[in-house]
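Bear in mind the structure is a predicted one, so any value in this text is a computation, not a measurement. We count ligands from 1, going down the list as the structure has it; atoms in each ligand are counted the same way.
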Amino acid sequence: MLRPYQAQNAAEILALIERGVRGVLYHLATAGGKTLTISAGVIRVVVDHGWPVVFLVHRRELLHQSVRALAKVGIKASVVDPDHDPDPLALVHVCSIDTLKARKKRLAGWLRTIRLVVIDEAHHTVAPGWQALLEEMVNAKRVGVTATPYRGDGKPLGALFDEVVRGPSVAELTDAGWLCPAEVWAPWNPDTSGVAISRGDFAAADLDRLMNNDKITRMAMNAYAARMPGEPTIAFCVSVAHARRVAELFSAGGWRATSVDGEMSDDDRDAAIRGLASGYYQVLTSCQLISEGTDLPVVSGAILLRPTKSVLLFIQQVGRVLRVCHGKIRSCILDLSGNVELHGLPEADRVWTLESGLVPQVHRTIRCPKCHRRFAPGPFCPSCRHEFRYWDRPAVPLLSTLADSMIRNMPVADLERIATSEMDLRRIALVRGFNPGWVHHATRRMRERLNERRRA
Ligand SMILES: [Zn+2]
């Protein structure tokens, strides 16, 4: 069953295809149910019309996972991989991009019969070779699907798509109860000023020197014990050695922890991930992403130990814990990487366009000095109620926009608080009947306040 927004998004995509649009990019937040929307809402409909469909994935591990996802909504798909050519009897083919690129010439005739190509995790389409392959499918409409419709450095995806269908934002999905609200705690921030930059992100060797440090891991363990003891958690590390060391320390601290990495067999890795899902493990550490699309709704914690300049990587990391699950009322993000300060809260509204990619914005947060909660600027810490005297008040109206009736009824202290000029204060005095002496003193108070806020 599709959720209301999924049904609506699927209808929008089909309407664009029907109108003759060549490429549609569908943007939906991580854990919003992109694959379900596309398989049940789009692929099933075009298959009923007899359209041959290619479902493209960029990594081989995702082939069988995608076949299973399609089977769940009653679509039988065959796999095209190094060992299997396209099944002539099948309508839906799950293909790895590398296989199709390698056999582009030999499969040219078949590629021309395809009417719809779905590109899963479409933010990878900028890689060379995609364009040429997609152009071989001359009769196919394209639907790209992604939670991050730009490259890691925020640049646009290129010329493969013409129209965009936007699903609800993380904040909207959370408000509607489709995603779990996230609390962010920032016990510590690394100093990344001396870390070298390589290919747009922090250099791996420098990160290992900075973050593979038992003191930092112990801070993470203290925060884990304080905020979410025993809850299923993924720790994102900078290297295999770091991931192993973090798991070792958590185990020594009495938690059931293990690490996964590319050097393990698939079976061992799957067993570790299943162990986290079943509750056997409490903490799973890894230096790669627990693969895109890995669905572990039960995980309620993320420990961020890998600083990154890539907004895409950051969103994928925090997106892991936002899925709703029975009994899970909130998720917890322990940030020792500085990533939330750099990129904003998981629910920050990021503006992007097809032409220019991510629009640069500052997603400001503040950190509570008492309990280390990191949150959107406000007068109180949402956890310990610690009061902040000076903060940016983006939601506070300008005095000039207030009607006289409001100025008559609001407490004078609140009016003074939002006044930013002597003219504002004169208007308050006029409406409330205060004498010029009040304006004089209020002006002095306002200047002090503005100066103090500037210093803070
Ligand atoms: Zn606090």
| task | Compute the centroid of each ring, for H124 and then for W130, and state whether the two points are separated by less than 6.0 Å. | result | no

| field | Near the Zn ion (ligand 1) (under 2.8 Å) - protein N, O or S atoms | value | C368 SG, C371 SG, C381 SG, C384 SG

| request: Tell me, yes or no, whether the heavy-atom count around R385 atom CZ, taken from other residues, nucleotides or ligands under 6.0 Å, exceeds 12. | output: yes

| Considering residues, nucleotides and ligands other than M264, do more than 12 of their heavy atoms fall under 6.0 Å from its CE? | yes

| Donor on one side chain, acceptor on other, E448 and N451, under 3.5 Å | no

| query | Cut-off 3.5 Å, side chains only: do D267 and S265 have a donor facing an acceptor? | reply | no

| query | Is any side-chain heavy atom of N222 less than 4.5 Å from a side-chain heavy atom of Y224? | reply | no

